[in-house]
K.L.:
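The structure under discussion is supplied below as structure tokens; questions concerning it will follow.
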Amino acid sequence: MHNSTPTIPFELRSLDAQQASELLGYAASYIRDHLACRPDFPKRVDRDGHPRWIAGELIAWREANRACRQARRRSSRSRA
């Protein structure tokens, strides 16, 4: 028997705070209380009154911020 329900690609799925925390490596409460209000953090999409974020946008944010952290580390080492 074949399931005809289309599979949503992971990058297009909406994640709750707990799922986002697993993806980003931050506590769910930190994401809700600190990261979500940053202007560079992906905009949340509320579903049934609960905050959710699009996985692909979180991945892009994580990669951009990883690059920034590495650049800051290199910069601080060169000053030492």
Side-chain angles (χ1 to χ4, degrees):
M1 185 180 287
H2 180 68
N3 185 353
S4 63
T5 305
T7 302
I8 299 171
F10 179 75
E11 292 79 11
L12 298 178
R13 293 182 187 178
S14 65
L15 306 179
D16 63 21
Q18 184 58 44
Q19 293 166 318
S21 76
E22 293 166 9
L23 183 67
L24 299 177
Y26 294 101
S29 59
Y30 185 78
I31 292 173
R32 283 190 308 268
D33 299 341
H34 298 283
L35 293 179
C37 55
R38 288 177 47 167
D40 66 324
F41 196 74
K43 299 296 180 222
R44 60 187 233 180
V45 290
D46 289 341
R47 296 257 164 77
D48 299 325
H50 300 287
R52 299 181 73 82
W53 294 269
I54 303 301
E57 294 175 8
L58 291 173
I59 292 168
W61 181 87
R62 179 186 68 189
E63 296 305 313
N65 281 276
R66 181 176 291 158
C68 290
R69 282 194 303 270
Q70 290 172 348
R72 282 194 298 264
R73 278 191 211 128
R74 281 193 295 267
S75 172
S76 66
R77 280 189 225 142
S78 65
R79 285 185 245 154

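Predicted model, so just to flag it, every value in this text is computed and none were measured.
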K.L.:
Pairs of donor and acceptor atoms involving the side chains of residues 49-60, under 3.5 Å and at least two apart or interchain, shall be tabulated with distances.
P.N.:
residue	atom	partner	partner atom	Å
R52	NE	S14	OG	2.9
R52	NH2	S14	O	2.7

K.L.:
Would you say L12 has more than 12 foreign heavy atoms packed within less than 6.0 Å of its CG?
P.N.:
yes

K.L.:
Could you pull out all residues at least two apart from T7 that satisfy side chain to side chain contact (heavy atoms under 4.5 Å, CB included)?
P.N.:
R13

K.L.:
Compile the donor-acceptor pairs under 3.5 Å between side chains in residues 36-46 and protein atoms, sequence neighbours left out, one pair per line.
P.N.:
residue	atom	partner	partner atom	Å
R38	NE	D40	OD1	3.0
R38	NH2	D40	OD1	3.4
R38	NH2	D40	OD2	2.9
D40	OD2	W61	NE1	3.3
R44	NE	D46	OD1	3.1
R44	NH2	D46	OD1	3.3
R44	NH2	D46	OD2	3.4

K.L.:
What is the distance from atom CG of L23 to atom CG of L15, rounded to the nearest 0.5 Å?
P.N.:
6.5 Å

K.L.:
List in chain and number order the residues that pass ring pair (Phe, Tyr, Trp, His ring centres under 6.0 Å) with Y30, two or more places apart in sequence or in another chain; answer none if no residue qualifies.
P.N.:
Y26, H34

K.L.:
Can you name the nearest heavy-atom pair linking S21 to A28, along with the distance?
P.N.:
CB-N, 3.5 Å

